[in-house]
Amino acid sequence: MAINFLQGQVAVGDPNPGGPSATSNDKDVHCKVVKLTSANFTTTNTDTLVAVLPADATILSFRLWVKTQLAGGSISAATLTLGTASAGAQLMAANAAAFGAAGVATFLTPVVGIMQNYAIPYGSDISVWARGIATTGNPTSGEMYLTIEYVR
């Protein structure tokens with residue numbers, strides 16, 4: 001079940017009647033890990049549906065780990081955008097971490113549209129789209145992993 005907040009309520013502690021307990025407000029954390037390669041980055045933008053989260057998911061964070069830096073094709077810069085629709089940026093605008101050095105892990109920021117207040121009944125499942133943009137040249141190699149953490 002998603003995290004449900006009351007709109008306009010000031011957080012003063014655990015919402016459990018009678019106060020916090022060892023099990024109140026306990027949620028299961030899930031993660032999806034998606035492999036992105038040089039094929040996900042072009043100068044003409046590449047939009048890829050990378051994950052579908054359950055309708056009752058509450059996204060907590062996005063992380064990116066670069067296994068091997070994007071290279072070849074005269075690439076010198078690249079960005080990653082995340083959205084809930086193809087070509088969208090509902091979750092994160094263009095972030096340069098996609099062109100990071102090998103071995104670097106990054107919490108992706110600024111991220112919007114997470115920790116949302118969902119009304120019951122929930123809508124449809126949440127699509128996560130990645131848009132890879134190589135600002136100079138199309139890379140021929142490179143590999144990275146996107147981690148999506150969420151609760152339900």
Exam field: side chain [X] to backbone [Y], donor-acceptor pair closer than 3.5 Å:
X      : Y      : value
Thr81  : Ala89  : no
Asp28  : Arg152 : no
Thr42  : Asn138 : no
Asp125 : Ala55  : yes
Gln90  : Thr84  : yes
Thr37  : Ala39  : yes

With rounding to the nearest 0.5 Å, note down the distance linking [atom1] in [X] to [atom2] in [Y].
X      : Y      : atom1 : atom2 : answer
Leu146 : Thr106 : CG    : OG1   : 11.5 Å
Thr109 : Met92  : OG1   : CE    : 8.5 Å
Leu80  : Arg131 : CG    : CZ    : 11.0 Å
Ile126 : Asp56  : CD1   : CG    : 8.0 Å
Asn95  : Thr79  : CG    : OG1   : 8.0 Å

Under 4.5 Å between side-chain heavy atoms, counting indirect links through other Ile/Leu/Val/Met/Phe/Trp/Tyr residues: same cluster for [X] and [Y] or not?
X      : Y      : answer
Trp129 : Val52  : yes
Ile114 : Tyr150 : yes
Leu60  : Phe62  : yes
Ile59  : Val151 : yes
Trp65  : Val34  : no

Between [X] and [Y], what is the shortest heavy-atom contact and its length?
X      : Y      : result
Ala97  : Leu108 : CB-CD2, 3.9 Å
Ile133 : Phe41  : N-CD2, 3.6 Å
Ala78  : Ala98  : O-CB, 4.2 Å
Phe107 : Ser61  : CE2-OG, 3.9 Å
Thr140 : Gly72  : OG1-CA, 3.5 Å
Gln69  : Gly100 : CG-O, 3.3 Å

(request) Taking the side chain as every heavy atom from C-beta outward, state whether Thr48 and Leu36 have any pair of such atoms under 4.5 Å apart. (result)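 With C-beta onward as the side chain, the pair stays apart.
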
(request) Step by step, work out the side-chain contact (heavy atoms from CB on, under 4.5 Å) result for Lys35 and Lys67. (result) CA-CA 10 Å; Lys35 178 181 177 179; Lys67 182 176 181 182; over 6 Å; no

(message) Checking side-chain polar atoms at under 3.5 Å, does Thr68 have a donor or acceptor matched by the opposite partner on Glu143?
(response)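 Side chains of Thr68 and Glu143: no pair found under 3.5 Å.
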
(request) I would like to know whether Asn40 and Met144 meet side-chain contact (heavy atoms from CB on, under 4.5 Å); could you show each step before the answer? (result) CA-CA 10 Å; Asn40 295 101; Met144 63 197 73; over 6 Å; no

